[in-house]
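Both counts, for ligands and for their atoms, begin at 1 and track the order of listing.
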Amino acid sequence: MRNYGQFCPIARGSGILAERWTPIILRNVLLGCRTFNQIAAGAPGLSRALLAKRLRELEEARVIDVRPKPDGHGSLYEPTAAGRGLWPVLTALGSWAEEWMQVTPEHASADVVLWSWCESFLRHDRLPDRRIVVRFEFSSLGRRLRAWLLVERREAEICSFDPGFDNDLVVTIHDSLVFARWHLGLIEWAAALRSGGIEVAGPRDLCRALPTWNAGPEVHARLRVERERMPGCPALPPLGAPREGERVPSRHVSEVRPAQCSSIPDFTGRLVTPDDPAYDGVRAVWNGAIDHRPRLIARCSSDADVIAALRFGRSSGLAISVRGGGHGVAGTAVCDGGLVIDLSPMKRITVDPAPGIARAQPGVLWGELDAATQAFGLATTGGVVSHTGISGLTLGGGLGWLMRRYGLTVDNLLEARVVTADGKTLTASERDHTDLFWGLRGGGGGLGIATSFTYRLHPVGPEVLAGSVLWPLEEAPQVLRAYRDFVASAPCEVASGVTLRRAPASPSLPVELHRRPVCSVALLALGEDRLLAPMRTFGRPLLDLVKRRPYTGLQSMMDATVPHGWHYYWKSTGLRELSDRAIDAMVDHAARATSVRSYATLIHLGGAIAEIDPDSTAYSRRSVPYELHVNGVWLPHEPIGGPETAWARNFVAALESDHAGVYVNFMDRDDGERTASAFGSEAYRRLTALRQAVDPDRVFSGPAERRVL
Ligand SMILES: Cc1cc2nc3c(=O)[nH]c(=O)nc-3n(C[C@H](O)[C@H](O)[C@H](O)COP(=O)(O)OP(=O)(O)OC[C@H]3O[C@@H](n4cnc5c(N)ncnc54)[C@H](O)[C@@H]3O)c2cc1C
């Protein structure tokens with residue numbers, strides 16, 4: 001990697017970015033390419049050796065994380081927070097090029113256009129619901145090259161080899177520049193055909209449909225118009241483009257009034273205002289459907305920074321929100337027009353193995369805490385996706401693989417340091433500030449800003465027996481009934497959940513299962529292997545992925561199915577039982593999912609959770625045996641997720657007679673009216689009184705009270 005030997009931030013940043021192919025590689029990773037081959041596919045001409053070298057450099061610069069694939073063959077590449085922070089830099093570069101550089105034949109590699117179409121701009125909703133094969137002939141590339149677009153189950157894949165099916169359409173690209181100009185929205189499809197640069201042969205209806213599968217022309221053309229209206233403003237939106245009907249983030253920085261927001265007395269962290277190139281990166285949260293534009297983001301590095309930011313927020317009358325890991329689906333971590341007290345840079349972890357205790361700052365993610373504690377063969381109950389923040393998850397209760405054996409995350413919370421609404425610091429525990437400590441354990445926030453969590457640890461792993469067993473969705477009614485019997489007698493060493501979905505196109509699954517509707521039972525045994533046998537041997541599973549794997553591997557097993565930046569809508573409910581009627585309704589709704597990425601998961605609770613006195617923590621729904629979590633998912637460039645939202649709502653509504661409240665951390669933007677059901681009436685009354693006592697001026701509002709759909 002280049003080092004310019006200059007202190008200047010532009011020179012330091014250039015050391016990483018200004019290397020040949022690096023921006024292209026980063027773009028591909030930020031667009032969601034996770035494997036070596038996927039990254040290489042969007043960079044034809046780049047040698048595999050140089051790609052490997054650049055990926056190593058990016059890893060060393062902590063811009064990407066590299067970890068082994070779950071099947072042990074090869075690696076997965078994911079952007080770190082620093083990597084995601086480069087997205088606005090790349091889009092600014094793109095905007096500059098759009099303004100100052102024409103697209104010329106030497107820029108117009110047709111296979112890259114096809115890759116971009118498929119990777120970033122594919123209109124899944126317009127793809128036919130049957131297999132279609134489109135053969136592309138690139139006669140313009142000098143040598144005769146071919147690629148196949150294979151459409152199946154509303155997914156599309158580019159193959160460089162003949163997939164072996166009849167070709168429904170043949171598209172010949174005689175002039176790559178015409179193809180690129182169409183993709184960029186510079187010419188109409190009809191004009192491209194008339195020019196002779198593109199030729200299509202096949203049935204009339206498919207010939208007509210083909211160009212509508214690409215959102216690129218429309219999105220690029222619209223962005224160009226926006227940019228012309230607002231000269232000088234970066235125009236490409238993060239990770240795909242919003243579409244007609246979707247709230248388009250205003251790029252006009254001056255729309256956010258500057259006020260006196262560029263400095264905070266005694267604050268030593270980083271302040272990010274709307275005119276900062278990092279602004280879009282740091283205001284983005286996990287759920288890409290959230291587009292909140294705060295006036296100021298105070299990236300804290302210490303408790304003192306938190307206090308300084310809080311004082312400033314109060315004295316300037318700004319609305320305040322608190323950000324931990326930014327995973328709250330409702331996006332309450334980031335407020336519109338106010339001050340975000342961003343704790344994500346606070347990442348110190350100390351592990352004291354002898355007593356089995358870990359202390360972590362609020363910016364820590366579960367993957368980071370697990371890695372630190374597993375170094376000593378220890379762990380505490382934490383979220384099942386490694387990029388979730390410890391903060392919000394802990395304050396809401398904390399469901400995880402270890403909960404049936406060791407209780408919820410809050411049951412392992414020994415103390416929390418808190419900056420209170422009046423800017424003081426205190427430590428709450430079973431001994432001190434006991435009422436506040438009760439509320440911090442499951443109240444969902446809104447009682448102060450937690451700046452440190454101390455957890456009890458347990459011996460776990462380093463390897464555990466865990467993984468998923470898959471059956472066809474058609475067999476889900478029988479599998480779920482068998483599952484109900486299995487969990488009824490399972491000891492607390494067994495944790496499990498069932499997911500109904502189309503199997504992800506994941507490298508850990510055989511290709512023939514990709515996108516197939518399945519019923520997947522995820523299992524963990526902390527005791528003997530035979531504990532899982534009754535479920536693993538039920539019927540004839542399609543696949544059994546249960547094996548000994550590192551506990552940290554288990555904790556990141558689901559990561560790739562819920563990446564940052566996709567758009568999500570959640571509807572969840574506790575279930576008092578798993579009746580036959582509920583099972584049938586679940587399977588029926590699962591089969592009608594409107595997106596290949598949407599899913600429903602049933603989580604089995606009980607065990608140690610139910611053994612703890614419900615009055616001892618604000619998480620009081622301890623006798624609820626199941627939590628049902630329905631996740632409607634759509635991609636950033638797809639139309640606003642009306643069908644996915646309706647699907648998730650209808651799914652949960654269909655089980656109404658079995659509802660048992662809602663888990664506060666699964667509440668989405670339109671769940672405000674369900675808040676009391678997250679606690680039960682007595683706990684809700686106590687929590688409301690506590691909030692009034694510790695924050696009479698309503699400086700903070702708990703996530704449950706800030707839903708903003
Ligand atoms: C992919 C994914 C997987 C998940 N898996 C699980 C799971 O396995 N188990 C589970 O129980 N939940 C899970 N959740 C839900 C999760 O618990 C919540 O989204 C939680 O809010 C995440 O915490 P965070 O710090 O990342 O969130 P943030 O969005 O940063 O915060 C959420 C809310 O908590 C408040 N808050 C955050 N930190 C603090 C603090 N230090 N002091 C005071 N208030 C604070 C914020 O103001 C905000 O309103 C998952 C969520 C996602 C998106």
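For the pair Arg314/Asp697, a side-chain contact is recorded, criterion being any heavy-atom separation below 4.5 Å from C-beta on.
Below 3.5 Å of separation, one finds no N or O of Gly445 facing any N or O of ligand 1. Note: no N/O pair closer than 3.5 Å links Val385 and ligand 1 by distance alone. Here's the thing with His327: one of its N/O atoms is less than 3.5 angstrom from an N/O atom of ligand 1. Below 3.5 Å of separation, one finds an N or O of Ala450 facing an N or O of ligand 1. On a distance-only criterion, Val384 and ligand 1 share at least one N/O pair closer than 3.5 Å.
Contact annotation: for Phe700 versus ligand 1, there are no heavy atoms closer than 4.0 Å. With a heavy-atom cut-off of 4.0 Å, Trp366 does not touch ligand 1 at all.
Lys571 has a carboxylate O that lies under 4.0 Å from a charged side-chain N of Asp670, or vice versa, which qualifies the two as a salt bridge.
With ligand atoms numbered from 1 in the order given, ligand 1 contributes 28 (P), 29 (O), 30 (O) to contacts under 4.0 Å with heavy atoms of Ala333.
Centroid-to-centroid, the aromatic rings of Tyr568 and Trp286 come within less than 6.0 Å.
Between Asp411 and Tyr406, the shortest heavy-atom contact is CB-O, 4.5 Å.
Judged by the shortest distance from any of its heavy atoms, Gly398 lies inside the 4.0 Å radius around the atoms of ligand 1.
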